[in-house]
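Keep in mind that the numbers below use all heavy atoms, side chains included, and drop hydrogens, waters and symmetry copies.
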Amino acid sequence: MADGRIAERQYDRERCTTRVYTYWIPGFQKSLEAALNEEDKERRKMILYGSFFTRTLWSMTYSAQNQAQCYECVRVCPVGLPYRTKK
C-alpha cells in the first residue's frame, strides 16, 4: 500500500485454479459419480451429506461471486488488512 492505495497486486492463477477445480463442477461430478456407484445406502448418504459435497454445491451456487470458496484471495488481500489483523 502506498498513500492508502494498493500499489501492487498479484493473481496466483495456479493456486486459485487448484481450489476452483477442487470444489466446482469437476468436484461435483467426481463426488456424484462416487455416490451413484456406492451400493451401501449409509455410505452413499455420507457422500451426499458430507462436507465435500456440500462445499461443492455451495461453490457452484455462488460461482458468480467466488468460485473456489476457499477465501485465500480475501485472506491475503491488502484491502481491510488493519481490520483483519489481530492486535
Return the set of residues passing side chain to side chain contact (heavy atoms under 4.5 Å, CB included) with E42 (not counting sequence neighbours), or none when no residue passes. D40, K45

So, taking the atom named NZ in K30 and the one named CD1 in I47, what distance separates them when rounded to the nearest 0.5 Å? 11.5 Å

Could you give the distance from CG (L36) to OG (S31), rounded to the nearest 0.5 Å? 9.5 Å

List the residues meeting salt bridge (Lys or Arg N to Asp or Glu O under 4.0 Å) with E38, not counting sequence neighbours, and say none if there are none. R43

Over all heavy atoms of both residues, which pair between L48 and A35 is shortest? Give the atoms and the distance, please. CD2-CB, 3.6 Å

Check F52, W58, F53 against F28 for a ring pair (Phe, Tyr, Trp, His ring centres under 6.0 Å) and give me the one that passes. F53

